[in-house]
Asker: 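Could you have a look at this structure, given as structure tokens, before my questions?
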Amino acid sequence: MDFANRVLDIIRAVPPGQVVTYGQVAALAGYPHRARQVGQALRNCAQDVPWHRVLGAGGSVRVDPPQKQLELLNGEGVLTQTGRISLKKYQWLPGPLNFL
DNA sequence: CCGATGACTCACG
DNA sequence: CCGTGAGCCATCG
């Protein structure tokens, strides 16, 4: 399993109404320095991966234009006030039993 | 091999 | 809050 696929699997595990950051996903995949590669993996992701739940550090949307992603998030109950999203409220904290 | 690029991040002014 | 610059690293021409 290469880095890209591990990233996609992790993102597939993010529940609706919650979000993760590029850096966080990279770290969970085992490569803390590869937030950029997470972005690249999402560039050609399959349709079953909830790419909209992935945000930049601090809860910012890095996709341009951002409106599509913001809509999807809103549809899941993630409020997007001032273009920023509160990681405090919505960031996904992986439980101990997720991956082995 | 080299240089440019980019859905990143952090530190500084 | 915004711009800059520096690390970072796979991918592409």
Side-chain angles (χ1 to χ4, degrees):
Chain A
M1 193 68 106
D2 59 11
F3 177 75
N5 289 81
R6 298 175 61 173
V7 164
L8 296 181
D9 280 340
I10 290 171
I11 295 174
R12 273 188 271 254
V14 179
Q18 303 230 279
V19 301
V20 286
T21 68
Y22 296 93
Q24 182 189 356
V25 173
L28 289 174
Y31 296 82
H33 313 278
R34 305 193 185 176
R36 287 184 103 133
Q37 282 52 256
V38 172
Q40 292 210 76
L42 286 183
R43 203 161 59 77
N44 344 341
C45 66
Q47 297 227 335
D48 63 320
V49 41
W51 56 272
H52 55 280
R53 310 212 252 256
V54 184
L55 306 173
S60 54
V61 170
R62 310 294 297 215
V63 179
D64 177 54
Q67 45 189 38
K68 180 61 172 293
Q69 182 168 10
L70 294 175
E71 286 177 24
L72 290 171
L73 287 172
N74 264 294
E76 299 183 347
V78 177
L79 308 181
T80 78
Q81 301 172 94
T82 74
R84 262 289 177 70
I85 287 156
S86 170
L87 295 180
K88 190 80 164 195
K89 292 185 185 261
Y90 306 109
Q91 181 167 47
W92 178 51
L93 312 173
L97 311 176
N98 284 306
F99 285 87
L100 330 163

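Values below: all heavy atoms of this structure, side chains included; hydrogens, waters and symmetry mates excluded. By convention in this document, chain letters (A, B, ...) are assigned in the order of the sequence lines, proteins followed by strands, and residues within each chain are numbered from 1.
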Asker: What residues from residues 66-89 of chain A pass a heavy-atom cutoff of under 4.0 Å to DNA chain C?
Answerer: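 None - not one residue of the stretch has a heavy atom sitting under 4.0 Å from the strand.
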
Asker: Does anything in residues 74-86 of chain A pair up under side-chain hydrogen bond (donor to acceptor under 3.5 Å, both in side chains), and if so which pairs, sequence neighbours excluded?
Answerer: A:His52-A:Glu76, A:Arg53-A:Glu76

Asker: For A:Leu70, run the side chain to side chain contact (heavy atoms under 4.5 Å, CB included) check against A:Val78, A:Val63, A:Val61 and tell me which one passes.
Answerer: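 So, applying the side chain to side chain contact (heavy atoms under 4.5 Å, CB included) to A:Leu70 and each of A:Val78, A:Val63, A:Val61, only A:Val61 qualifies.
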
Asker: Taking protein heavy atoms under 4.0 Å as touching, what does nucleotides 8-13 of chain B look like 5' to 3' if B marks base contact, S marks sugar-phosphate-only contact and - marks none?
Answerer: BBS---

Asker: Could you give the side-chain donor-acceptor pairs of residues 30-50 of chain A under 3.5 Å, partners two or more places apart or in another chain?
Answerer:
from    : atom 1 : to      : atom 2 : distance (Å)
A:Asp48 : OD1    : A:Arg12 : NH1    : 3.1
A:Asp48 : OD2    : A:Arg12 : NH1    : 2.9

Asker: Any protein N or O atoms within reach of nucleotides 11-13 of chain C? Criterion: under 3.5 Å, listing atom names and distances.
Answerer:
none

Asker: Decide side chain to side chain contact (heavy atoms under 4.5 Å, CB included) for A:Leu55 and A:Val20; before the verdict, give the C-alpha distance in whole Å, the side-chain angles of both, and the deciding distance to 0.1 Å.
Answerer: CA-CA 6 Å; A:Leu55 306 173; A:Val20 286; over 6 Å; no

Asker: Do the non-hydrogen side-chain atoms of A:Val54 and A:Ile11 ever get within less than 4.5 Å of each other?
Answerer: yes

Asker: For the atom pair CZ (A:Arg6) and CG (A:Asp9), what is the distance rounded to the nearest 0.5 Å?
Answerer: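 Spacing of CZ (A:Arg6) from CG (A:Asp9) equals 9.5 Å.
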
Asker: Taking CG from A:Asn44 and C1' from B:dT5, how many angstroms apart are they, rounded to a whole number?
Answerer: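 Spelled out: CG on A:Asn44 to C1' on B:dT5 is 15 Å.
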
Asker: Pick out the pairs of N or O atoms, protein on one side and nucleotides 3-5 of chain C on the other, that lie under 3.5 Å.
Answerer:
none

Asker: Please enumerate all residues that pass side chain to side chain donor-acceptor pair (under 3.5 Å) together with A:Arg62, with sequence neighbours excluded.
Answerer: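 If we apply the side chain to side chain donor-acceptor pair (under 3.5 Å) test to A:Arg62, skipping adjacent residues, there are no hits.
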
Asker: Can you name the nearest heavy-atom pair linking A:Tyr90 to A:Ile85, along with the distance?
Answerer: CD1-CG2, 3.8 Å

Asker: Name all residues meeting the side chain to side chain donor-acceptor pair (under 3.5 Å) criterion together with A:Gln24; count only those two or more places apart in sequence or in a different chain, and write none if there are none.
Answerer: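 Result, side chain to side chain donor-acceptor pair (under 3.5 Å) vs A:Gln24: A:Gln91.
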
Asker: Who are the side chain to side chain contact (heavy atoms under 4.5 Å, CB included) partners of A:Gln18, not counting sequence neighbours?
Answerer: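 Only A:Val14, A:Pro15, A:Trp92 meet the side chain to side chain contact (heavy atoms under 4.5 Å, CB included) criterion with A:Gln18.
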
Asker: Is any side-chain heavy atom of A:Leu28 closer than 4.5 Å to a side-chain heavy atom of A:Pro94?
Answerer: yes

Asker: Please answer: with hydrophobic residues joined when any side-chain heavy atoms are less than 4.5 Å apart, are A:Met1 and A:Ile10 in the same cluster?
Answerer: no

